[in-house]
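Quick notes on the structure that follows.
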Protein chains: 4
Amino acid sequence: MIIIYQIFYSLDREKQERIINAALKEFAQNGYEKASTNVIIKEAEIAKGSLFKYFNSKKELYLFLFDYVNGVINKIYDEIDWNETDLFERMKQIGLIKLRIYKQYPKAFDFLKSVPNENSPEVKSKIDAIKKELIENGLGMGYKNINLSKFRDDMDTKKIMNIITWTIMSFSEQQIKKVSSFENVDIELFYEWDEYFDILKRCFYKKEEQ
Amino acid sequence: MIIIYQIFYSLDREKQERIINAALKEFAQNGYEKASTNVIIKEAEIAKGSLFKYFNSKKELYLFLFDYVNGVINKIYDEIDWNETDLFERMKQIGLIKLRIYKQYPKAFDFLKSVPNENSPEVKSKIDAIKKELIENGLGMGYKNINLSKFRDDMDTKKIMNIITWTIMSFSEQQIKKVSSFENVDIELFYEWDEYFDILKRCFYKKEEQ
Amino acid sequence: MIIIYQIFYSLDREKQERIINAALKEFAQNGYEKASTNVIIKEAEIAKGSLFKYFNSKKELYLFLFDYVNGVINKIYDEIDWNETDLFERMKQIGLIKLRIYKQYPKAFDFLKSVPNENSPEVKSKIDAIKKELIENGLGMGYKNINLSKFRDDMDTKKIMNIITWTIMSFSEQQIKKVSSFENVDIELFYEWDEYFDILKRCFYKKEEQ
Amino acid sequence: MIIIYQIFYSLDREKQERIINAALKEFAQNGYEKASTNVIIKEAEIAKGSLFKYFNSKKELYLFLFDYVNGVINKIYDEIDWNETDLFERMKQIGLIKLRIYKQYPKAFDFLKSVPNENSPEVKSKIDAIKKELIENGLGMGYKNINLSKFRDDMDTKKIMNIITWTIMSFSEQQIKKVSSFENVDIELFYEWDEYFDILKRCFYKKEEQ
DNA sequence: TATGAATGAGGATTCATTCAT
DNA sequence: CATGAATGAATCCTCATTCAT
């Protein structure tokens, strides 16, 4: 069932953004349950009834935001150069694209960061379903068209890929925790990546490939 | 500020356990916000007022439980054989000890598992602070007295350790998600670990050490 | 205070009917309080603002409908043969006329049936007042030009008339409750009436009149 | 399913009465839907939460009141002298008993009067079910042990009884409408009854019985 | 005159915390 | 110290009415 929030989309863009940002912020800070629609309407400077005219319920508002940030995320994949077959070049690329989009939609990423923490049964089943799909389409896509023949033959490639993925994700997470909000993320972060990439290449690429 | 819950500790041990277990269960199942003090007092068979006499507020109760499970976790470090200097043997040991303690305090671990999902601003700042300390003291301690000379000299040892740590933690997390509750965790899980350890050793130990 | 809904009456007849029927249906089904102006405007295919332009408020719309159905009811009196002076023949006539008009304006009668159930203080006082007037003018009119000399002299004629009226009304009410909607009312209902009329005649008419 | 409102019943009688009377009044005046729990708690001088502690929901409160007034009504049948077999003596008796109870529980009767007007689907099914039972047990009981042989043989006794019942009920209703509230009902009302009873007896009893 | 988005008071209900017994 | 009823602020949501276009 796809719901199109036509009344909402017919608002002028500035008002839409005010509402989206107010809601992203409130949900990111407090989680679904504790987030207050009162706070959202106050910050967005709209009337109580309006929010429910646009989105019917708190739950639908949350799911709408979830779709919204997915839309933002998907912009990453639109910008990837799929001709680059080297895993680490690809990852570097993705990192840079992400950074650019971070800066454009900082609240969306703060919201996204809070989604996996969501406990409320009202929305959990929905976001779990969508998350699963995202991971399959999305994360999988990050590896599309990668030249796997560069990897050592004497180790299980699946496990190597896992170690690389975990390293990249854990390092990213560590960096992200250092900044309170995505608004401040900086390109400096990427220098250290290269050093990790260098280690991983030396370990997992075939000798002659290095 | 350290608060000692004098009145609570003066209760007979069986009542203390009833309260702790009821609270651990309720918070683990529903998260801080949605957890109901009514359910807790009903399960623990105590009066409403008593709970607040013992712990002052829902928030303090939560933080008390957090300290309690930390106490449980620290038992791990009491049992480690610090004479074992090989990193991977040490890790294997820790895993086995954890498993034993899991089985003894399943509710504590279910609670601990739920903590990182906590979104509520009321407790988030507190648990983030304590978590940070835990990681520094705790995880750091896991590495105490490890023979670092086994590692390759041509790579930054700090970064190697990070890659190893992230791999172990990510793999553990992946395994944990497969089990619904710690009550059923089994030793079989550990076989796959060895395969990862083998890869990591071949990459990061000096050639002659293998 | 008499309000004439000028703007409404200047609409083309088909639109007027659409609005009246939509409103009659919604009020009859749900009562004043629960009736939704949204449902009415949707069914009548007019704009929200228009309804309030025509009738100012939900309350006035309701009272307008009340007047409208009174108009329908009054058609009954236009069709009565006032030369028929026998009470029971007159009543039979009224019943048959009612039935014909029922079938012509089913929604009006469904609405009318729902009016006595109305509890809302917003409209109750008004309809009570109008109802009283209706009973006095209307029901009274039903008795106009009746030959009262047929009734026994040894009993208070006023009381006899009351007993007859109450019997007719109570019996009617009982019959009405058996039908879900006036659309299905049938002539069969009238057979039992004759049996009651027969009893009443034998009791209250002078002996030689029978 | 029978629910016993033990917390409510453990309150002191004066508070119970304050709550019951406030709720009876609000529901009688406004009907189920429009009645405001806010008004009730204000009039009863209790806290918002308390009302819901006692009765769980507005719906349960309404149904509780319904049972309460049924209890009041049933007192009528406890006081009837079932050895009196004359229909009209019996009716006179019931009328007098009702009057006494009216004066004791005026609000209960105002509430009862409003029940048949109730449209809200939330409570309608429930009250319809109970009403049916009441009519069967209750109204039927009014006629228990009546000596039917006094009635004329040449007319259908069922129809005679209906005419008598309708007359009594309609007359009562007429009288009731004259008083704004049951608090003012007076014994004078009953004199006119005798005159109606006299007419009905002369019509419907066998000649020699008169 | 027609439109339909905007408004906000008011609705029922919850629940951590208090406090008299 | 134990009890559990009392409290009321805060929750999400509705809907008749208004008003700018």
Side-chain angles (χ1 to χ4, degrees), chain A residues 6-8 10-12 15 32-42 45-61 122, chain B residues 7-8 10-11 15 32-42 45-61 122, chain C residues 7-8 10-11 15 32-42 45-62 122, chain D residues 6-8 10-12 15 33-42 45-61 122:
Chain A
Q6 56 154 300
I7 303 176
F8 176 73
S10 70
L11 301 175
D12 62 279
K15 195 171 192 177
Y32 175 75
E33 256 354 296
K34 196 67 192 306
S36 164
T37 53
N38 279 332
V39 172
I40 293 170
I41 57 140
K42 224 167 165 181
E45 290 175 305
I46 58 169
K48 199 144 216 181
S50 297
L51 191 70
F52 291 89
K53 257 268 174 66
Y54 304 150
F55 299 109
N56 304 316
S57 71
K58 187 184 185 182
K59 183 178 170 181
E60 278 191 45
L61 169 59
E122 282 228 74
Chain B
I7 305 175
F8 176 73
S10 71
L11 300 174
K15 196 172 188 176
Y32 176 74
E33 217 59 68
K34 277 217 119 181
S36 162
T37 53
N38 273 326
V39 171
I40 293 170
I41 59 137
K42 224 168 169 179
E45 291 175 306
I46 60 168
K48 195 83 188 261
S50 299
L51 192 71
F52 288 85
K53 264 268 163 53
Y54 304 150
F55 299 107
N56 305 318
S57 71
K58 188 184 182 181
K59 183 177 169 180
E60 278 192 43
L61 169 59
E122 285 226 69
Chain C
I7 305 175
F8 176 73
S10 71
L11 300 175
K15 196 172 187 177
Y32 176 75
E33 216 59 66
K34 277 217 120 181
S36 162
T37 53
N38 273 328
V39 172
I40 293 171
I41 59 138
K42 224 168 168 179
E45 292 175 303
I46 59 169
K48 194 82 187 262
S50 298
L51 192 72
F52 287 85
K53 264 269 163 52
Y54 304 150
F55 299 108
N56 305 316
S57 72
K58 188 185 183 181
K59 184 177 169 182
E60 278 192 44
L61 169 60
Y62 187 89
E122 286 225 70
Chain D
Q6 57 154 298
I7 303 177
F8 176 73
S10 70
L11 301 175
D12 62 279
K15 196 173 191 176
E33 242 16 280
K34 196 67 192 304
S36 164
T37 54
N38 278 333
V39 171
I40 293 170
I41 59 139
K42 223 167 167 181
E45 290 175 306
I46 60 170
K48 200 143 214 180
S50 297
L51 192 70
F52 290 88
K53 256 269 172 66
Y54 303 150
F55 299 108
N56 304 317
S57 70
K58 187 184 185 182
K59 183 177 170 182
E60 276 192 45
L61 169 59
E122 282 228 73

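Order of the sequence lines fixes the chain letters, A, B, ..., with proteins taken first and strands second; residue numbering starts at 1 for each chain. Any value given below was found using the heavy atoms of this structure, including those in side chains, with hydrogens, waters and symmetry copies removed.
Taking the nucleotide of DNA chain F with the nearest heavy atom to each of Glu33(C) and Glu45(B), the more 5' of the two is matched to Glu45(B). Residue order along DNA chain E, read from the 5' end via each residue's closest nucleotide, puts Phe52(D) first among Phe52(D) and Thr37(B). If you find the closest nucleotide of DNA chain E to Gly49(D) and to Gly49(A), the one lying nearer the 5' end belongs to Gly49(A). Between Ser10(B) and Ser50(D), the one whose closest nucleotide on DNA chain F sits nearer the 5' end is Ser10(B).
Within 4.0 Å of Lys15(A), counting heavy atoms only, lie sugar-phosphate atoms of the nucleic acid but no base atom.
Contact check, Tyr54(A) against dA6(E): a side-chain N or O comes under 4.0 Å of OP1 or OP2. At the phosphate of dT17(E), neither OP1 nor OP2 sits under 4.0 Å from any side-chain N or O atom of Lys53(B). Using a 4.0 Å cut-off, some side-chain N or O of Lys58(A) falls inside it from OP1 or OP2 of dC12(F). Contact between the side-chain N/O atoms of Lys48(B) and the OP1/OP2 oxygens of dA2(F) is not found at any separation under 4.0 Å. The side chain of Asn38(A) places no N or O atom within less than 4.0 Å of a non-bridging phosphate oxygen (OP1 or OP2) of dA10(F).
Considering only heavy atoms from C-beta on, Ile40(D) stays 4.5 Å or farther from Ile46(D) through its side chain.
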For Leu11(B) and Tyr54(B), run side chain to side chain contact (heavy atoms under 4.5 Å, CB included): C-alpha distance rounded to whole Å, both residues' side-chain angles, the deciding distance at 0.1 Å, then the answer. CA-CA 10 Å; Leu11(B) 300 174; Tyr54(B) 304 150; 3.5 Å; yes
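Here the P atom of nucleotide dA6(F) and the CD1 atom of Ile7(D) are 8 Å apart, to the nearest Å. In this structure, CD1 of Ile40(B) is placed 12 Å from P of dC15(E), rounded to the nearest angstrom. What separates CD1 of Ile46(B) from C1' of dC1(F) is a distance of 13 Å, to the nearest Å. Whole-Å rounding puts the Ile41(C) CD1 to dA16(F) C1' distance at 12 Å. Atom pair Lys42(D):NZ and dG8(F):P shows a separation of 13 Å (rounding to whole Å applied). The NZ-C1' distance, from Lys34(A) to dT11(F), rounds to 11 Å in whole Å. Atom P of nucleotide dC15(E) and atom OH of Tyr32(B) are separated by 14 Å, given to the nearest angstrom. Straight-line distance from the CG atom of Leu51(D) to the P atom of dC15(E): 17 Å, rounded to whole Å.
Between Phe55(D) and Phe8(D), the two ring planes are tilted [angle within 30° to 60°].
Using the Watson-Crick or G-U wobble rule with both distances under 3.5 Å, dA20(F) pairs with dT3(E).
Partner of Asn56(C) under the side-chain contact (heavy atoms from CB on, under 4.5 Å) criterion, out of Lys58(C), Glu60(C), Lys59(C), Lys53(C): Glu60(C) alone.
Comparing dA2(E), dC13(F), dA6(F) against the side chain of Ser57(A) picks out dC13(F) as the nearest. Closest to the Ser36(D) side chain, of the nucleotides dA2(F), dA16(E), dA12(E), is dA12(E).
The two residues Lys48(C) and Asn38(C) have their closest heavy-atom pair at NZ-OD1, 3.0 Å. The shortest non-hydrogen separation linking Ser10(A) to Ile7(A) is OG-O, 2.7 Å.
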